[in-house]
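The next block holds one structure in the form of structure tokens; read it before the comments.
Labels below follow one simple rule: chain letters A, B, ... track the order of the sequence lines, proteins then strands, and each chain is numbered from 1.
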Amino acid sequence: MKLLLMDGHSILNRAYYGLPDLTNSAGEHTGAIFGFLNMMFKFIEDEQPDNFAVAFDVHAPTFRHKMYDAYKGTRKPMDPELREQVPRIQEILKAMGVPVITMEGWEADDILGTLSRIGQEKGMDVTIVSGDRDLLQLATDKIKISIPKTKKTGTEIENYFAKDFEQAYGVTPKQYIDVKALMGDSSDNIPGVAGIGEKTAFKWIAQYGSIEECHAHVSEMKKAKVVDNFIEQWDTAVLSKELATINLNAPIELEEGSTKLGNLFTEEAYLLCKRYELKKLLPRFENTDTASVTDNTADSFKRVNDFSEVETFFEDIKKTGKAFIGASIMAGDDKVIRGAALSDGESTVYVECQGFISADYLCHKLMEICKAGVRLCFWDLKNVMHLITNILSDDEKKAVMEKGGKSQIFPNAVDVSVAAYLLNPTKKEYTADDVANEMLGIIIPAAADLFGKKKLKDALLDDSLLEAVTTYACYEAYVAYGAFEKVMAEIEAAGMGHIFTDIEMPLLYTLFDMEIQGIAMDKEALAQFSQKLSTRIEELEKDIYAQAGEEFNINSPKQLGVILFEKMGIEGGKKTKTGYSTAADVLEELAPANPIIGSILEYRQLAKLKSTYADGLQPCVGEDGRVHSTFMQTVTATGRISSIEPNLQNIPIRMELGKEIRRVFYPKDGCVFLDADYSQIELRVLAHMSGDDNLIGAFKAGQDIHRSTASLVFNTPFDQVTDLQRRSAKAVNFGIVYGISAFGLAKDIGVGRKEAQEYIDNYLKAYPKMHTFLEGLKSSAKEKGYAVTLYGRRRPVPELNSSNFMNRQFGERVAMNSPIQGTAADIIKIAMVKVHDRLLAEGLKSKLLLQVHDELLVETYIDEQEKVESVIREEMENAAELSVKLEIDMNEGSNWLEAH
DNA sequence: TCAATTTC
DNA sequence: GAAATTGA
């Protein structure tokens with residue numbers, strides 16, 4: 001029989017410091033948990049124990065503290081990142097059926113000592129795993145102490161039976177206690193005897209066997225200061241010995257057989273590992289039946305594929321006057337709708353598209369009940385609306401294009417993923433299984449559990465997975481129904497009801513309409529531009545190869561670094577983790593002295609232009625000659641929207657050559673582009689939120705804000721500000737908006753860090769209320785755990801409690817930046833909704849097409865231009881009532897470049 | 001996954 | 001500070 005014991009805190013501690021920090025998408029730290037479990041699995045495999053237990057300390061004074069106040073007094077408090085992992089690993093261990101043994105008033109050491117003694121008495125072989133050498137005193141010929149050491153080459157394990165210990169240390173394990181009594185232990189704050197260190201302690205104990213024997217023989221010892229100390233501090237030595245002695249008789253009560261090692265890979269443990277996103281551990285659960293779920297609502301899920309049954313189902317909904325229904329539509333990448341699940345909380349059904357139940361029929365039924373007043377709740381409503389639009393007739397589609405998706409498809413729907421995003425915008429995704437777990441406290445299968453390696457789109461095409469698809473869809477509908485109210489309650493409690501109802505949901509419809517419209521793009525012109533770029537790129541390539549003396553891949557930073565800094569021996573190369581940095585700002589410094597650098601920088605610029613824009617945009621043009629980007633509403637931490645496939649929010653504008661790309665975006669016949677962008681919206685938000693009179697005054701006076709800043713910061717009359725001063729002031733303004741660090745600012749404007757700090761200090765002096773405002777943002781975020789915008793939108797900032805200085809500094813910048821960026825985002829969202837809604841309300845045919853953070857682009861019918869201009873101006877300028885005016889710059893043009 | 005580049 | 005895309 002074999003007993004394996006683990007020292008919980010010690011191993012968790014080793015894992016925490018020995019492994020890189022891991023965080024799951026909810027921002028929970030998991031690195032130590034992962035390391036601990038791996039270590040545990042390794043020992044279980046190696047040792048093949050029949051019994052297994054883990055001991056943890058509890059945070060309470062032990063009998064040792066009662067003996068000696070200062071016991072462990074020098075211990076630093078545990079990092080918060082590690083502390084939060086303690087209950088989690090215990091939770092997982094319990095889920096695995098592993099006894100987690102803790103005892104108030106006793107240390108894990110005593111528990112381990114006692115258990116090992118009992119184990120030995122029962123005739124078992126015992127292995128104790130710990131990173132702590134204190135436990136070595138427990139070694140006997142039956143009790144082995146294993147100390148894992150993480151080295152670069154992997155984990156090495158030192159094993160000590162009593163005889164190994166004696167060989168290594170020259171004393172017995174029991175005598176090691178006496179050694180410690182003499183030399184003390186700084187980590188536990190055991191005093192020991194002054195002047196006696198490791199050497200003397202071992203020597204004495206090896207010779208006399210114990211402190212008592214030493215004490216009895218002091219007269220024989222050579223006269224020395226340490227001997228006097230020893231005699232003087234005999235009481236301390238005795239106390240130290242007591243402190244250092246692990247108690248083998250802790251009053252542990254264990255049920256018979258409770259340490260028996262069973263199947264660790266339980267369903268419960270699997271779900272926890274999944275929850276903490278310990279993906280590498282999941283394969284270990286291979287043989288666990290993880291498809292079955294602890295939640296049994298799935299039993300009541302029903303699939304219907306009989307036409308009349310579906311008919312009566314929808315009739316019932318109408319008759320019973322259901323006000324709210326959770327819904328989910330199943331479709332793959334082909335956008336073909338395979339079915340829809342609906343849930344009213346009591347019954348949940350999956351309607352399969354098949355036979356007379358066509359997608360067309362099903363979608364129209366859904367639209368019908370929604371228009372009749374039933375509120376539908378979806379995951380990713382915007383996408384659902386696209387799926388539905390896809391199966392509509394041409395006339396219906398036209399109506400959607402002209403009158404908007406809200407009135408034509410779902411006038412009364414909500415999106416639970418957007419709601420969940422508002423509650424915590426820092427997560428990666430907002431899936432039903434995640435929200436179910438968080439809001440309803442139930443564990444439901446995720447796509448991966450139901451479909452295995454297949455994705456939903458493949459599963460939809462695989463008849464054998466119909467059951468799984470049914471379960472999946474039903475859960476989505478069921479959770480949409482069940483979680484929405486709870487999410488909303490939390491949103492209301494957090495004071496974000498207004499944001500959800502009056503900003504995000506209307507915005508969703510606005511974004512849908514923008515996506516439906518798309519923007520016309522000249523594919524031919526792009527192809528020509530690409531050709532033009534190719535010619536110049538080839539020239540540059542040749543030039544670079546000639547200067548380098550060989551051909552290589554210029555796009556590979558690794559190869560480029562080697563060529564520049566090794567082969568060509570260019571001085572001043574900076575290192576990154578993986579090699580030399582070849583970033584533009586690094587190379588630019590080296591450009592004057594090295595002609596090849598100029599060519600490389602130009603090559604880079606053109607290569608980016610060609611690959612991302614000239615070539616990258618071409619396949620995005622649809623059959624209608626327009627590009628339909630997707631605006632993501634649940635991605636950014638601050639509340640901004642983002643744009644993908646393609647990203648139309650980073651189309652070049654600064655570089656002369658790059659901005660030519662904007663020419664290929666053009667208005668349709670009879671239209672011009674009206675492009676309006678907020679002037680300095682973030683600084684205006686800052687002026688308002690800080691209430692700083694100087695900044696507000698500068699805006700009210702209509703001054704060039706960077707010049708005004710320069711004038712204050714450099715103490716120069718306004719009209720004598722030099723260009724350089726203005727440029728520096730502009731960088732400082734940017735820095736403030738972005739949550740300044742002297743380091744970042746220094747890098748930005750090419751001055752020393754000290755000088756940059758002076759700029760910041762001057763800035764804070766120039767705007768007296770700014771300092772208190774920014775400090776207030778930091779302390780408020782730290783206290784509350786989140787940063788908050790003017791409208792109450794929240795963004796968690798757990799980094800503020802990090803033990804790592806860099807992380808904490810990052811958190812501070814986030815705390816300063818998020819409210820500003822987020823408030824600006826709120827304002828333009830409000831403006832978008834208002835512009836969009838008013839264009840429709842006033843019966844104008846002109847359409848909002850794009851948003852680029854502080855800019856709106858409207859495809860404007862020429863005969864509506866005047867009206868549209870005033871709509872844009874009014875709605876954008878009045879989107880928020882700040883202590884400074886919101887001003888916009890508006891231009892018209894026959895392409896995006898001209899209009900900007 | 002990382003480094004680099006583009007935008008606001 | 002916030003993003004998305006590309007290529008290795």
Exercise. Which is true for Glu645(A) with a 4.0 Å heavy-atom rule: it touches a base, it touches only sugar-phosphate, or it touches nothing?
Worked result: sugar-phosphate

Problem set entry | First-last contacting nucleotides on DNA chain B - partner chain A, under 4.0 angstrom, heavy atom | dA3(B) to dC8(B)

For this session: Indicate whether OP1 or OP2 belonging to dA8(C) is found under 4.0 Å from a side-chain N or O atom of Asn553(A).
Result: yes

For this session: Report the distance from atom CG of Leu560(A) to atom C1' of dG7(C), rounded to the nearest whole Å.
Result: 14 Å

Exercise. With sugar-phosphate meaning primed atoms plus P, OP1 and OP2, does Leu609(A) contact a base, only sugar-phosphate, or nothing at under 4.0 Å between heavy atoms?
Worked result: nothing

For this session: For Val737(A), report the nucleic acid contact type (base, sugar-phosphate, nothing); a contact means any heavy atom under 4.0 Å.
Result: nothing

Exercise. Any side-chain heavy atom of Leu587(A) sitting closer than 4.5 Å to one from Arg604(A)?
Worked result: yes

Exercise. When you look at NZ of Lys558(A), are more than 12 heavy atoms from neighbouring residues, nucleotides or ligands closer to it than 6.0 Å?
Worked result: no

Exercise. What is the nucleic acid contact for Phe734(A), judged by heavy atoms within less than 4.0 Å: base, sugar-phosphate only, or nothing?
Worked result: nothing

For this session: Just do the salt bridge (Lys or Arg N to Asp or Glu O under 4.0 Å) check on Glu539(A) and Lys542(A) with the steps written out, would you?
Result: CA-CA 5 Å; Glu539(A) 279 172 27; Lys542(A) 277 191 195 134; over 6 Å; no

For this session: Using atom CG of Asn733(A) as one end and atom C1' of dG1(C) as the other, report the distance to the nearest whole Å.
Result: 15 Å

For this session: Mind checking Gln559(A) for me? I need base, sugar-phosphate or nothing, with any heavy atom below 4.0 Å counting as a touch.
Result: nothing

Exercise. Rounded to the nearest Å, what distance is computed from the CE atom of residue Met632(A) to the P atom of nucleotide dA4(C)?
Worked result: 7 Å

Exercise. Below 3.5 Å, does any donor atom in the side chain of Lys608(A) face an acceptor in the base of dT6(C), or the other way round?
Worked result: no

Exercise. With respect to the phosphate group of dA2(C), does any side-chain polar atom (N or O) of Thr638(A) fall under 4.0 Å of OP1 or OP2?
Worked result: no

Exercise. Excluding sequence neighbours, so at least two apart, what forms side-chain hydrogen bond (donor to acceptor under 3.5 Å, both in side chains) with Ser599(A)?
Worked result: Asp543(A)

Exercise. For the residue pair Tyr430(A) and Tyr421(A), does the interplanar ring angle fall in the parallel (under 30°), tilted (30 to 60°) or perpendicular (over 60°) class?
Worked result: perpendicular

Exercise. In residues 801-829 of chain A, which ones come under 4.0 Å of DNA chain C, going by heavy atoms?
Worked result: Phe810(A), Arg813(A), Val814(A), Asn817(A), Gln821(A)

For this session: Select one nucleotide: of dT5(C), dG1(C), dT6(C), the one nearest the side-chain heavy atoms of Arg640(A).
Result: dG1(C)

Exercise. In whole angstrom, what separates Lys747(A)'s NZ from dG1(C)'s P?
Worked result: 11 Å

For this session: Give the rounded distance in Å between these two atoms: CD1 of Ile641(A) and P of dA4(C).
Result: 11 Å

Exercise. What integer distance in Å separates Arg604(A):CZ from dT6(C):P?
Worked result: 17 Å

For this session: Run the ring-centre check on Tyr759(A) versus Tyr763(A) and record whether the distance is less than 6.0 Å.
Result: no

For this session: Measure from OH on Tyr603(A) to C1' on dT6(C) and round the result to the nearest Å.
Result: 12 Å

Exercise. Around Gln703(A), counting heavy atoms of other residues, nucleotides and ligands shown, do more than 12 lie under 6.0 Å from its CD?
Worked result: yes

For this session: Check whether any side-chain N or O of Asp675(A) sits under 3.5 Å from a backbone N or O of Met890(A) as a donor-acceptor pair, and report yes or no.
Result: no

Exercise. When you measure from the centre of the six-membered ring of Tyr580(A), is the NZ or CZ of Lys574(A) under 6.0 Å away and within 45° of the axis?
Worked result: no

Problem set entry | Parallel, tilted or perpendicular: rings of Tyr738(A) and Phe734(A) (30°, 60°) | perpendicular

For this session: Round to a whole Å and report the spacing from CZ of Phe631(A) to P of dA3(C).
Result: 17 Å

